[in-house]
Amino acid sequence: MDVKTEIINAINSAVELSIKAGTFKLEGDLPEISLEVPPKKEFGDFSTNFAMKSAKIFHMSPKQIAEEIKAVISADCIEKVEIAGAGFLNFYIKQEVIFGRLKEIYDMGEKFGQLPDKKNVPIQIEYVSANPTGLLHVGHGRGAAAGSAIVNILRAAGYHVVSEYYINDAGNQMENLAKSVNARYLELLGEKVEFPENGYHGADIIDTAKKIVEHYGDKYLELPEEERLPVLENLAYQNKLNELKKDLSNFRVEFDVWFSERILHPQKINDAVKVLRERGEIYEKDGALWLKSTKYGDDKDRVVIRENGVPTYLAADIAYHKNKYERGFSQMINLWGADHHGYIARVKAAMTALGFDANKLKILLLQMVSLYRGGELVKMSKRTGESITLRELMEEVGTDAARYFFLMRSIDSQLDFDLDLAKKQSSENPVYYIQYAHARICSIFKQAEENNLKLDAAPNFNLLTTEAEKDLINKIFEYPAEIEKAAEEYAPQRIARYVYDLAAQFHSFYRDCRIIGVETELAKARLALIKITAHTIKHALNLLGVSAPTSM
RNA sequence: GCGUCCGUGGCUCAGUUGGAUAGAGCAACGGCCUUCUAAGCCGUGGGUCGCGUGUUCGAGUCACGCCGGACGCACCA
């Protein structure tokens with residue numbers, strides 16, 4: 001049993017005793033006992049606001065309640081209890097318990113940060129899911145960073161997770177891709193062509209066409225257009241998908257499942273529509289089939305099958321989400337760009353209409369990214385409507401900086417990405433600051449080795465008594481709870497912040513506590529402490545998909 | 001007009017199911033390298049938490065209303 005549970009149980013027992021003794025007269029439900037790490041270390045190792053919360057049901061002042069609990073409570077791990085503020089109970093933990101915990105963490109080695117298996121039915125998370133018609137831009141980059149970090153965090157928290165990419169490889173945008181590549185293909189072969197009106201103007205389309213010319217030359221030139229388009233569509237699609245996978249892989253993003261929309265056409269879409277029809281959720285109007293989504297909170301009803309018989313994007317999405325539900329996940333998470341928020345109501349409505357529990361589908365919205373260079377907003381290209389690509393960003397600032405910058409803000413805050421700052425190799429740049437802490441530790445180990453100082457299997461942690469050491473230890477202790485919180489809230493920025501604070505704590509320790517040159521026992525205890533610190537920094541950076549260099 | 005998100009020092013942002021004197025970084029100013037990487041550390045100044053009302057023992061946090069910003073409101077994806 002961990003210390004936290006032990007204290008909560010002790011408070012619980014104390015309250016029960018006082019109720020039995022008649023000191024507390026219970027009227028109503030007992031509030032939950034929550035234990036938190038106080039904002040300041042003068043407030044002890046843990047604190048609870050239980051006395052304040054229960055003032056009403058006991059008809060006593062928080063101070064009186066706190067006094068009573070303090071008098072009655074007993075737990076082996078508690079050194080002392082203090083009452084402070086408006087009725088906070090602050091707990092101080094015995095040193096031996098603290099050092100015992102430190103030893104446990106030390107023995108865990110690199111496994112520290114991996115929480116016990118939750119034995120849950122897998123959670124599914126779908127993210128990026130950009131159309132395979134162009135290159136990923138920075139907005140996708142933020143989604144890729146956030147999604148992959150959330151996957152890592154959930155797994156560290158002990159959840160089973162399946163990550164998935166939904167490839168929109170059917171419908172208009174693929175035809176558009178085909179037409180655009182076709183035009184570029186013909187252009188490259190010297191033909192005069194009119195570029196399709198809504199075609200993709202990006203330079204990457206020319207690259208794709210070039211690749212096709214390289215491989216197949218003018219092989220398709222003589223084909224009639226209606227035969228050439230499907231061939232080029234397929235070639236372009238493969239090329240685009242590969243580029244996408246390559247960029248994501250370079251960005252340290254891997255998916256368990258690549259789900260092709262084509263699988264849904266036409267059978268699974270027809271099935272979904274059929275079920276909706278049978279459930280009385282579909283009606284016909286103006287020659288189209290409409291979903292009664294207003295019944296379930298949508299602003300208006302939505303077309304699922306167009307007048308011309310072609311299913312809408314929503315129809316495919318309904319079939320896709322139906323398929324997700326049928327795969328039996330405990331929860332499904334979609335990470336969407338904030339510009340898609342208007343879409344939430346209709347998808348959820350459709351799931352309810354199908355008889356599924358819409359609450360199992362959690363849709364996270366990711367706010368927009370603005371890039372700044374030299375203090376100026378980097379504008380999107382007017383002609384192509386494209387922003388800087390993820391590939392260009394990785395080249396300019398590096399994968400580590402790009403990922404960390406995407407992750408350091410809450411996903412529902414708009415992100416101002418300062419390209420100049422991301423490139424700086426100084427403490428102004430949080431990525432370097434954190435990585436430097438890790439590299440510093442590795443450097444100390446090198447020096448230690450040269451001085452014949454080695455890690456001990458059972459170091460004497462009792463020697464770690466300075467403020468800097470205690471602060472560092474406390475910060476390390478917070479890590480598992482931080483992972484738990486980050487997982488609960490799908491909040492990678494918590495980890496980004498945590499590892500920054502941990503690095504800061506280490507840098508302070510570094511100033512105050514020397515390792516090489518001090519008495520051997522103490523040196524070994526400190527060496528063990530920084531080993532744990534390095535493991536924790538590395539683990540947290542891994543969750544973010546940021547590397548932990550051993551030298552800088 | 002409707003909807004979603006945001007509004008916290010000059011700038012960019014945290015803020016633990018409502019709790020202790022609202023915290024970081026950058027910028028400004030002042031210190032610290034004969035000793036494990038100064039890519040670092042220590043210190044100083046700077047806030048009516050957009051505005052108002054309400055709920056509460058207690059509100060940056062919750063509710064309602066305004067103001068400001070971003071995004072969205074297709075038989076496009």
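Here is how names work: the chains are called A, B, and so on, in the same order as the sequence lines, proteins then strands, and each is numbered from 1. This is a predicted model, so every value here is computed, not measured.
Atom CG in A/Asp412 sits roughly 13 Å away from atom C1' in B/C71 (whole-Å rounding). Rounding to whole angstrom units, CG of residue A/Asp512 and C1' of B/C42 are separated by 10 Å. Regarding A/Gln367, its CD atom lies at a distance of 7 Å from the C1' atom of B/C6, rounded to whole Å.
Stacking of the aromatic ring of A/His507 onto the base of B/A39 is not found under the criterion of centres within 5.5 Å and planes under 30°. Taking the 5.5 Å centre cut-off and the 30° plane limit, the aromatic side chain of A/Tyr500 is not classed as stacked on B/A24. Where stacking is scored as ring centres under 5.5 Å apart with planes under 30°, A/Phe43 registers as stacked on the base of B/A20.
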Atom pairs under 3.5 Å, N or O on each side, protein against nucleotides 15-18 of chain B: can you list them with distances?
from	atom 1	to	atom 2	distance (Å)
B/U16	O2'	A/Lys485	NZ	3.0
B/U17	O4	A/Ser34	OG	2.8

Within the sub-3.5 Å range, which N or O atoms of nucleotides 73-75 of chain B have a protein N or O partner, and how far apart are they?
from	atom 1	to	atom 2	distance (Å)
B/C75	O3'	A/Arg306	NE	3.4
B/C75	O2	A/Glu307	N	2.8
B/C75	N4	A/Asp286	O	3.4

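A donor and an acceptor atom sit less than 3.5 Å apart, one in the side chain of A/His341 and one in the base of B/G3.
When the nucleotides B/A39, B/A77, B/C36 are ranked by their closest atom to the side chain of A/Ile515, B/C36 comes out on top. When the nucleotides B/A39, B/G3, B/C13 are ranked by their closest atom to the side chain of A/Ser413, B/C13 comes out on top. Closest to the side chain of A/Arg514, out of B/U35, B/G19, B/C41, is B/U35. Across B/A14, B/C36, B/A20, the shortest atom-to-atom separation from the side chain of A/Arg409 is found for B/A14.
Between the side chains of A/Tyr498 and A/Glu478, no donor-acceptor pair of N or O atoms lies under 3.5 Å.
Side-chain contact between A/Lys446 and A/Ser551: present, with at least one pair of heavy atoms (C-beta onward) separated by less than 4.5 Å. In this structure, the side chains of A/Glu521 and A/Leu463 come closer than 4.5 Å at one or more pairs of heavy atoms. A heavy-atom distance below 4.5 Å is found between the side chains of A/Leu502 and A/Ile476.
Within 4.0 Å (heavy atoms only), A/Cys442 reaches no atom of the nucleic acid at all.
Separation of atoms CD (A/Gln505) and NZ (A/Lys470) is listed at 13.0 Å; rounding is to 0.5 Å.
For A/Phe417, the ring pair (Phe, Tyr, Trp, His ring centres under 6.0 Å) partners at least two apart in sequence or on another chain are A/Phe405, A/Phe406. Listed by chain and number, the residues in a ring pair (Phe, Tyr, Trp, His ring centres under 6.0 Å) with A/His507 are A/Tyr433, A/Tyr436 (sequence neighbours excluded).
For the residue pair A/Leu314 and A/Val303, the shortest heavy atom distance occurs at CD2-O, 4.3 Å.
Remark: aromatic rings of A/Phe88 and A/Phe43 are distant, center separation not under 6.0 Å.
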Give the dot-bracket line for RNA chain B from 5' end to 3' end: parentheses for intra-strand Watson-Crick or G-U pairs under 3.5 Å, square brackets for crossings, | for inter-strand pairing, dots for unpaired.
(((((((..((((.....[...)))).(((((.......))))).....(((((..]....))))))))))))....

I'd like a table of donor-acceptor pairs (distance under 3.5 Å, sequence neighbours excluded) in which one partner is a side-chain atom from residues 44-51 of chain A, with atom names and distances.
from	atom 1	to	atom 2	distance (Å)
A/Asp45	OD2	A/Ile93	N	2.7
A/Thr48	OG1	A/Ser34	O	2.8
A/Thr48	OG1	A/Phe50	N	3.2

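Within the cation-pi definition used here (under 6.0 Å to the ring centroid, within 45° of the axis), A/Lys531 qualifies as a partner of A/Phe445.
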